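The block underneath contains the structure these notes are about, expressed in structure tokens.
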2 protein chains.
Amino acid sequence: MVTLNRTREVNETLVKEKEAAFAEFIQRKGLKTTRQRNTIISTFFRLRGHISVEELLNEVKKVNPRIGYATVYRTLHLLVESGLVEERRFGDGLARYEGHSDVEHHDHMICLECGEISEFYNPRLEALQEKLAEENNFEIFRHRLELYGACKDKTACQARKGKKAAKSQGA
Amino acid sequence: MVTLNRTREVNETLVKEKEAAFAEFIQRKGLKTTRQRNTIISTFFRLRGHISVEELLNEVKKVNPRIGYATVYRTLHLLVESGLVEERRFGDGLARYEGHSDVEHHDHMICLECGEISEFYNPRLEALQEKLAEENNFEIFRHRLELYGACKDKTACQARKGKKAAKSQGA
DNA sequence: TGGAATACGAAAACTGTTTTCAATATCGAA
DNA sequence: TTCGATATTGAAAACAGTTTTCGTATTCCA
């Protein structure tokens, strides 16, 4: 099992790279560079985790309070389209956005007590899925696997309980 | 790999059992039996697959056109609460409802070409997930795994293409 | 049966997201 | 630079799916 650790500090170099990549995307598409978009993406890439639109907007407003929902939504769509960001839904009705980690793909573990969303990756799991699909004459483009449950380390878990737990749904 | 086959014909006995179970649930909760609820659940249990509210309402209206969205939504919530039905979301923004199969738990394979949603279950996959969770000090309450991709049997797949493919999202 | 409690249906309200629209900003060409 | 075509913005309206409200109708126990 590989649990992916997010570094606590933001990697400035990485952020700059992503900003550059986005700028290139914008140019390639013949779109325009704007102050608002720059604010939004630079804020986004400096946040960690699975960010909802509202969370992002709140942060963005600290820099420029005149930026509204529409622009944030639009910019997030562009980020997704550029491939720099992925949209996820964990069943609480909110879209969440995630800048790519160093690891191409990963699955999620969601604690229903404290709301913590952690990531993991396991090649055997991936391989097994491939095998099952194969047996079923199915070609996987992508998948998602989410484990809903609870951290066993209750002290740390309860301590995190500031953010409310995701409502969730699943199997 | 176990692929779950839905029988083409509705199992009348099973449906009656579920209707009875729901009736019992209603009674236990001190709620009332109504013509509308009966229509809705009996329609629901005779449909196969992953049913959206709109699909169900359409069917229900054939029996009693005066039944509206609100009652269908309310009844579905009761069905979920009763444990007879599960709510699922496959990322197209629609809630879908599924009467329990004979098999307790299963995962999904969603063809993005023809929209077919098939079910599968594999104990090794389940076990592996448990193991990963264990290693990560996490207790799984439930999970969901969805494989998005395409049927390899293109002829059958294309033939089914009447219903539009689920929009989807995932990893 | 009477009547308290529940359910109904239509419409309004809500939530998260997308679109509209008039005003503004960007940026390549002149 | 300035122009001007085109893209972008922000506020507000529109949207889609779902939930709630509210007055009326139904259920069902005493």
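Predicted model only: the values in this text are computed from it and were never measured. A, B, ... follow the sequence lines: proteins, then strands. Residue 1 opens every chain.
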- prompt: Is the shortest side-chain N/O distance from A/H77 to OP1 or OP2 of C/dT17 below 4.0 Å?
  reply: no
Sugar-phosphate, base or nothing in reach of A/R66, heavy atoms under 4.0 Å: sugar-phosphate
- request: Would you please confirm or rule out a distance under 4.0 Å between OP1 or OP2 of C/dT18 and any side-chain N or O of A/Y73?
  value: no
field: Check: C/dT17 base within 3.5 Å donor-acceptor of A/R96 side chain
entry: no
message: Please compare B/R35 and A/Q27 by the position of their nearest nucleotide in DNA chain C and report the one closer to 5'.
response: B/R35
task: Could you please name the option among C/dT17, C/dC8, C/dA11 that lies closest to any side-chain atom of A/V53?
output: C/dT17
message: Given the structure, check if the side chain of A/R89 and the base of C/dG16 hold any donor-acceptor pair shorter than 3.5 Å.
response: no
task: Ignoring the backbone of A/T34, work out which of C/dT26, D/dG10, C/dC8 is nearest its side chain.
output: C/dT26
task: Could you pull out the closest heavy-atom pair between B/R96 and B/E55, with the gap in Å?
output: NH1-OE2, 4.0 Å
field: Selected nucleotide, minimal atom distance to B/L31 side chain, candidates C/dT6, D/dT21, D/dG10
entry: C/dT6
message: Among A/V53, A/T39, A/T43, exactly one meets side chain to side chain contact (heavy atoms under 4.5 Å, CB included) together with A/V72. Which residue is that?
response: A/V53
statement: Contacts of A/I40 and B/Y97 projected onto DNA chain D by closest heavy atom; the upstream (5') one is A/I40
- request: Measure the acute angle between the ring planes of B/H106 and B/H108, then classify it against the limits of 30° and 60° as parallel, tilted or perpendicular.
  value: perpendicular
statement: Per nearest nucleotide of DNA chain D, the residue lying toward the 5' end, B/Q36 or B/R74, is B/R74
- prompt: Pick from A/L145, A/I117, A/L147: which one makes a side chain to side chain contact (heavy atoms under 4.5 Å, CB included) with A/M109?
  reply: A/L147
query: Hey, does the side-chain of B/K32 have a donor or acceptor N/O within less than 3.5 Å of a partner on the base of C/dA5?
result: yes
